[in-house]
There are 2 protein chains.
Amino acid sequence: MNVSMELLDRAAAEEYASWFKALADATRIQIVSLLARRREPMSVGEIVAASGVGQSTVSHHLRILAEVRFVLVERRGTSSLYRINENCVSCFPTAADVVMGKPVPVAPACE
Amino acid sequence: MNVSMELLDRAAAEEYASWFKALADATRIQIVSLLARRREPMSVGEIVAASGVGQSTVSHHLRILAEVRFVLVERRGTSSLYRINENCVSCFPTAADVVMGKPVPVAPACE
DNA sequence: AGCCTTCATCGACTATCGTCGATTCTCGAT
DNA sequence: ATCGAGAATCGACGATAGTCGATGAAGGCT
């Protein structure tokens with residue numbers, strides 16, 4: 001048996017890692033937790049006021065969370081409203097998925 | 001209602017993040033996947049041969065995985081045998097845990 | 001039109017991370 | 001005691017990521 005048969009495919013490993021990277025930062029954890037407590041969408045300004053970090057930093061983290069569809073954004077006039085994507089929360093891979101070799105969920109499919 | 005009441009405690013957020021950081025790297029994903037496929041413990045040398053990265057790099061990643069008790073190590077003579085910690089795999093937080101505010105599992109408790 | 005609010009983007013700085021080669025340490029064997 | 005194999009640690013390097021302030025772009029208001 002070849003060594004490469006033993007190793008998880010590198011591309012698949014990186015896709016898995018990109019999921020976990022999205023939650024591998026304390027500020028992003030706080031943001032998603034905040035969005036989950038308020039059931040309603042929040043504007044960037046509200047998140048900035050609550051999070052204690054700068055506006056550009058919040059915008060940066062929201063973009064990362066939106067890239068994996070963990071949050072959804074809706075433009076409303078001059079403001080952007082962000083909310084948790086429940087579908088993406090439930091398809092987020094678990095540690096058991098990793099060790100069991102479950103196929104990596106594709107972010108855009110979690111709409 | 002105070003703003004700090006809305007935000008997840010920073011220390012708790014960092015503990016959550018430390019869990020996800022452990023799996024936020026493709027090489028570590030490959031290592032845990034490799035350890036899970038072989039049911040038996042593997043020595044560092046075996047992991048090095050299969051992973052395709054240097055010995056010090058593998059040792060570094062194994063240390064990170066061992067810090068959150070994701071893998072367990074047993075000294076056997078001159079070699080170290082690593083294996084998956086099934087208990088830790090099942091107590092690893094999910095995305096749903098984060099958004100629901102479930103208390104962060106403490107790594108040393110997942111023995 | 002002009003201005004103001006809101007957010008995204010840019011540029012720079014710093015800190016952290018992943019990787020490597022070299023060294024050191026721990027044991028077991030001779 | 002010495003040697004050698006296996007693994008951890010160290011030091012350095014480049015790359016990546018988080019944060020900030022400043023700037024820019026889009027839309028509402030007077």
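Residue numbers start from 1 in every chain, and the chains themselves are labelled A, B, ... in the order their sequence lines are given, proteins ahead of strands. A quick note: this is a predicted structure, and the numbers were derived from the prediction, not measured.
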Checklist entry - Under 3.5 Å, is there a donor-acceptor pair between the R37(A) and S33(A) side chains? => result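 Side chains of R37(A) and S33(A): pair found under 3.5 Å.
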Next on the checklist: Regarding S59(B), tell me which of base, sugar-phosphate or nothing describes its non-hydrogen contacts under 4.0 Å with the strands shown.
Outcome noted: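 S59(B): base contact, heavy atoms under 4.0 Å.
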Interatomic distance where [atom1] belongs to [X] and [atom2] belongs to [N] [whole Å]:
{"X": "R75(B)", "N": "dG28(C)", "atom1": "CZ", "atom2": "P", "value": "12 Å"}
{"X": "I47(B)", "N": "dG6(D)", "atom1": "CD1", "atom2": "P", "value": "14 Å"}
{"X": "E74(A)", "N": "dT6(C)", "atom1": "CD", "atom2": "P", "value": "17 Å"}
{"X": "L81(A)", "N": "dA8(C)", "atom1": "CG", "atom2": "C1'", "value": "15 Å"}

Checklist entry - Would one find more than 12 heavy atoms of other residues, nucleotides or ligands at under 6.0 Å from atom CD of E74(A)? => result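 Above 12, so yes.
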Checklist entry - Should L23(B) and Y16(A) count as side-chain neighbours, where that means a heavy-atom distance under 4.5 Å? => result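 The answer is no; the side chains never approach within 4.5 Å.
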Checklist entry - Which nucleotide, dA7(D), dC7(C), dA8(C), lies nearest any side-chain atom of S79(B)? => result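 So the nucleotide nearest the side chain must be dA7(D).
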Item to check | Ion pair R38(A)/E6(B), N-O distance below 4.0 Å | outcome: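 Result for this pair is yes, salt bridge flagged.
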Provide a list of protein-nucleic acid N or O atom pairs under 3.5 angstrom, restricted to nucleotides 16-22 of chain D.
from    : atom 1 : to     : atom 2 : distance (Å)
dG18(D) : OP1    : R28(A) : NH1    : 3.2
dG18(D) : OP1    : R28(A) : NH2    : 2.9
dG18(D) : OP2    : R28(A) : NH1    : 3.4
dT19(D) : OP1    : T27(A) : OG1    : 3.0
dT19(D) : OP2    : H61(A) : NE2    : 2.2
dC20(D) : OP2    : G54(A) : N      : 2.8
dC20(D) : OP2    : T57(A) : OG1    : 3.0
dG21(D) : O6     : S56(A) : OG     : 3.0

Checklist entry - Where do I29(B) and F20(A) land on the side chain to side chain contact (heavy atoms under 4.5 Å, CB included) test, with the steps shown first? => result CA-CA 10 Å; I29(B) 293 282; F20(A) 292 104; 4.3 Å; yes
Checklist entry - Between atom CD1 of I47(B) and atom CG of L62(B), what is the distance when rounded to the nearest 0.5 Å? => result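 One gets 4.5 Å once the value is rounded to the nearest 0.5 Å.
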